[in-house]
Amino acid sequence: MRVVVRPGSSSAAHAAAVCIARLLRQAAARRGTCTLALSGGATAASLLDALAKQRLPWPVVSIFQVDERVAPEGSALRNLTALRARLANQAPAGWSGLRPMPVADDLHEAAVAYAARLEAAAGRPAMLDVVHLGLGEDGHTASLVPGDPVLDADADVAATESYQGTRRLTLTLPCLARARHRVWLVTGGAKGDVLSRFLNGDPELPASRLVGLSGACFADAAAAAMLAGS
């Protein structure tokens, strides 16, 4: 895991966005198409804004969601709402590569359907080019939270139990582990302890199940304050 520390949250988000855009251009140059999965959450907003300013291979990129809350269309709870407003609406006219998670449907059927969409774009088994991930204060990533049975799911997409008042659809550990690249963004002093534990592979954290895989973690100085040598 490559760790990149930037002075502030905006500069960390910018560095992560530059990395993601570069990886997508490289994938598009190799295969003529590319796939990106984006997480939600408060930290994601700054990344979406930074990505909107990057040179993305829009005509050939498909954007999936890492996770989504079960909430009405247009709700502030929905990750899709920010994704559309901050990034997708900046795409060139005619772009149709956004692949929302269908959380208005039966969740089991929705998970199966979304897994099929992943395979249609990223092969079977699905191998996404780039996955953006965040890190919660409880050590969750995507919507893979401590104690949820979804942590042991074999399918690429699964429905969670209720967490912070809502159920969710999420990409699972096998799907995230299979991606070609993982780009983490972790900011804020409240994440300092959990970031240190994550990078040290604390087995109690769901996110630590992915720490041994290749990837890059972009953090601001506040989040990285507890790391050795920061």
Side-chain angles (χ1 to χ4, degrees), residues 1 9 16 37-48 64-72 75-83 100-115 118 126 128 130-179 182-213 215 217-219 223 226:
M1 176 79 70
S9 58
L38 291 166
S39 294
T43 304
S46 59
L47 176 74
L48 296 175
F64 290 86
Q65 292 185 267
V66 168
D67 58 341
E68 181 59 285
R69 298 177 182 89
V70 177
S75 167
L77 292 173
R78 287 281 296 273
N79 296 332
L80 180 63
T81 303
L83 176 52
M101 280 184 160
V103 292
D105 303 330
D106 173 274
L107 288 185
H108 174 71
E109 293 179 0
V112 172
Y114 205 65
L118 283 170
L128 291 157
V130 186
V131 172
H132 151 245
L133 294 167
L135 182 65
E137 292 180 37
D138 60 358
H140 81 267
T141 192
S143 283
L144 304 169
V145 305
D148 196 306
V150 78
L151 288 169
D152 298 314
D154 293 324
D156 280 356
V157 186
T160 73
E161 301 296 324
S162 181
Y163 175 69
Q164 295 181 344
T166 58
R167 296 190 69 194
R168 298 133 188 264
L169 278 187
T170 186
L171 302 189
T172 62
L173 287 166
C175 184
L176 299 175
R178 202 184 305 123
R182 281 151 296 277
V183 177
W184 301 77
L185 177 61
V186 184
T187 61
K191 301 287 182 70
D193 177 67
V194 73
L195 177 59
S196 177
R197 292 169 60 198
F198 161 64
L199 292 174
N200 283 297
D202 185 335
E204 294 185 3
L205 308 182
S208 291
R209 300 196 189 190
L210 298 169
V211 75
L213 303 173
C217 179
F218 294 87
M226 297 179 66

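Worth knowing before you read on, the calculation uses all heavy atoms, side chains too, and leaves out hydrogens, waters and symmetry mates.
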In terms of relative ring orientation, are His140 and Tyr163 parallel, tilted or perpendicular, with 30° and 60° separating the classes?
perpendicular

Taking [X] for its side chain and [Y] for its backbone only, find out whether a donor-acceptor pair lies under 3.5 Å.
X: Arg182; Y: His132; result: no
X: Arg178; Y: Leu128; result: no
X: Arg78; Y: Ala71; result: yes
X: Glu68; Y: Asn79; result: yes
X: Thr141; Y: Gly134; result: yes

Student check: side-chain heavy atoms of [X] and [Y] closer than 4.5 Å:
X: Val103; Y: Arg69; answer: no
X: Gln65; Y: Leu83; answer: yes
X: Val183; Y: Val130; answer: yes
X: Val145; Y: Pro206; answer: no
X: Ser208; Y: Pro203; answer: no

Going by atom types alone, do Asp67 and Thr170 pair a side-chain donor with an acceptor below 3.5 Å?
no

Positive for side-chain contact (heavy atoms from CB on, under 4.5 Å) with Cys175, one of Val66, Leu118, Val157:
Leu118

Result for side-chain contact (heavy atoms from CB on, under 4.5 Å) between Leu135 and one of Leu195, Thr43, Thr187 points to Leu195

Between atom [atom1] of [X] and atom [atom2] of [Y], what is the distance when rounded to the nearest 0.5 Å?
X: Leu133; Y: Leu185; atom1: CG; atom2: CG; answer: 10.5 Å
X: Arg167; Y: Ser162; atom1: CZ; atom2: OG; answer: 8.5 Å
X: Leu144; Y: Asp152; atom1: CG; atom2: CG; answer: 10.5 Å
X: Phe198; Y: Trp184; atom1: CZ; atom2: CH2; answer: 3.5 Å

Is Arg168 salt-bridged to Asp148, cutoff N-O under 4.0 Å?
no

In sequence, state the C-alpha distance, the side-chain angles, and the governing distance for Val150 and Glu161, and then conclude on side-chain contact (heavy atoms from CB on, under 4.5 Å).
CA-CA 8 Å; Val150 78; Glu161 301 296 324; over 6 Å; no

Give the intermediate values and the outcome of side-chain contact (heavy atoms from CB on, under 4.5 Å) for residues Asp154 and Thr172.
CA-CA 8 Å; Asp154 293 324; Thr172 62; over 6 Å; no

Please determine whether side-chain contact (heavy atoms from CB on, under 4.5 Å) holds for the pair Glu204 and Asp138, giving the CA-CA distance in whole Å, both sets of side-chain angles, and the decisive distance to 0.1 Å.
CA-CA 9 Å; Glu204 294 185 3; Asp138 60 358; over 6 Å; no

